[in-house]
Amino acid sequence: MSTKARILEVTAALVAESPDGDVSTRAVCEAAGVGAPALYRHFGDKEGLLSAVVDHGWDKYLATKRDRAPGTDPVQDLRDGWDTHVEFALHNPNLFRLMHSPAMRTPPAAALESHRILTGDLQRAAEQGKLRLAPELAAQIIMSANVGVALMLVSRPATFTDESVSRRVRDSVHTMVFTPDVMAAPTATPDPSTPDPSTPEADTSGTSGTVATSGTVATTEADEFRLPATAARLNALLRQAPAPVLSPAEDALLTEWLNRISNAPRS
């Protein structure tokens, strides 16, 4: 094992074992059996060392994402991606807190790659007409919420004790970024003993009009987001065109218009 690799492995172990996730360069040098000049030669300073440790740890996690073949349903891939992100944080709390520490002035390369993978999955969703927003904005919303939930779970475990918190926040955020028909689709096999609320037989209130009203509300909601979803899809499909169909200036203008339509605030 090279000196650099040994320093990385030792630092990663010390970070994992530390009560607060912090380590000193002196402790690293002593554990790795190297002098301070060797550490600074390979990593520049402590921030450079910790950034390399984060990339080293996350590289193992991202390897599973790089190697996975995209599924036919990008929405399910995004659900799974959220869950594995939180699971990684729970298994590596100090590393996760370090990655998102304000002390890390330069974002680790792993964080940027994770964001690119998320945006790519959202791009696929937009191409299928399943996204209400432009992929870039949707990625910012999802990543902010995903990281926030994970940080709370690893930093405040005594407060955030309900195991359903992550799933509930995930579904709420996905409701914001995906089209209504996507979120209305069943994600699990329904219980046959549970009446289907869309049928008259399921109306236990004695007023069959309740079902019709619910359906009208759902239709109205779907109509409200048809235009932004169409704009997001067109934008995504144009990026996949094998040859440019517009001039650079036209492309920039159309992209601005489509992003404005898909990303406009809605009540």
Mind checking what makes salt bridge (Lys or Arg N to Asp or Glu O under 4.0 Å) contact with D55, not counting sequence neighbours?
none

Rounded to the nearest 0.5 Å, what separation is found between the CG atom of L78 and the CD1 atom of I142?
5.5 Å

Within a radius of less than 6.0 Å around NZ of K4, do more than 12 heavy atoms belonging to other residues, nucleotides or ligands occur?
no

Just jot down the side chain to side chain donor-acceptor pair (under 3.5 Å) partners of R97, sequence neighbours excluded, or say none.
N94

Students often mix this up, so state it plainly: with edges at 30° and 60°, are the rings of F96 and H85 parallel, tilted or perpendicular?
perpendicular

If only atom types and distance count, is the side chain of K46 paired as donor or acceptor with the main-chain N or O of V23 below 3.5 Å?
yes

Using a 4.5 Å cut-off on heavy atoms from C-beta on, say whether the side chain of V177 contacts that of R132.
no

Would you sort out whether N235 and S262 count as a side-chain contact (heavy atoms from CB on, under 4.5 Å), showing the intermediate values?
CA-CA 9 Å; N235 204 355; S262 58; 5.7 Å; no

L49 vs Y40, test: side-chain contact (heavy atoms from CB on, under 4.5 Å). Steps then yes/no.
CA-CA 8 Å; L49 171 62; Y40 293 121; over 6 Å; no

Salt bridge (Lys or Arg N to Asp or Glu O under 4.0 Å) involving D251 - partner list, sequence neighbours excluded
none

What residues form a side chain to side chain donor-acceptor pair (under 3.5 Å) with T255, not counting sequence neighbours?
none

Atom NZ in K130, atom NE2 in H174: separation rounded to 0.5 Å?
13.0 Å

Rounded distance [0.5 Å steps], OG1 in T230 versus CD1 in I261
9.5 Å

Check this for me: does any side-chain nitrogen of one of R167 and D162 sit under 4.0 Å from a carboxylate oxygen of the other?
no

Answer yes or no: is there a donor N or O on one side and an acceptor on the other, between the side chain of D45 and the main chain of G48, under 3.5 Å?
yes

For N92 and F88, indicate whether the former's side chain and the latter's backbone hold a donor-acceptor pair under 3.5 Å.
yes

Under-4.0 Å salt bridge between D121 and R79:
no

Rounding to 0.5 Å, atoms CZ (F160) and CE (M152) come to a distance of 5.5 Å

Answer yes or no: is there a donor N or O on one side and an acceptor on the other, between the side chain of S155 and the main chain of L151, under 3.5 Å?
yes

Which heavy atom in A145 sits nearest to a heavy atom in V173, and how many Å separate them?
CB-CG2, 3.7 Å

Residues in side chain to side chain contact (heavy atoms under 4.5 Å, CB included) with L238, at least two apart?
L234, V245, L254, L258

Run the side-chain contact (heavy atoms from CB on, under 4.5 Å) check on E136 and N263 step by step: do they pass?
CA-CA 10 Å; E136 294 78 9; N263 296 342; over 6 Å; no

Would you mind reporting whether L118 and E113 have side-chain heavy atoms less than 4.5 Å apart?
no

Considering only distance and modelled atom types, tabulate donor-acceptor pairs under 3.5 Å from the side chains of residues 24-32, sequence neighbours left out.
unit_1: S24; atom_1: OG; unit_2: A27; atom_2: N; d: 3.1

How about M143 and S114: do any of their side-chain heavy atoms sit closer than 4.5 Å?
yes

L131 and A232 have their tightest heavy-atom pair at O-CB, 3.7 Å

Find out whether Q128 and L237 are in side-chain contact, i.e. whether some heavy atom of one side chain is under 4.5 Å from a heavy atom of the other.
no

From CA spacing to verdict: side-chain contact (heavy atoms from CB on, under 4.5 Å), H56, E9
CA-CA 9 Å; H56 175 68; E9 291 290 344; 3.2 Å; yes

Could you check whether any side-chain N or O of T84 sits under 3.5 Å from a backbone N or O of G81, counting only pairs where one atom can act as donor and the other as acceptor?
yes

Just wondering, do L122 and T119 contact through their side chains at under 4.5 Å, heavy atoms?
no

Would you indicate whether the side-chain heavy atoms of V86 and R170 approach each other to under 4.5 Å?
no

Could you tell me if Q140 and H115 have a donor-acceptor pair between their side chains, going purely by distance under 3.5 Å?
no

Any donor-acceptor pair under 3.5 Å linking the side-chain atoms of W82 with those of S166?
yes

Give a yes or no answer on whether the side chain of S51 reaches the backbone of E47 with a donor-acceptor pair at less than 3.5 Å.
no

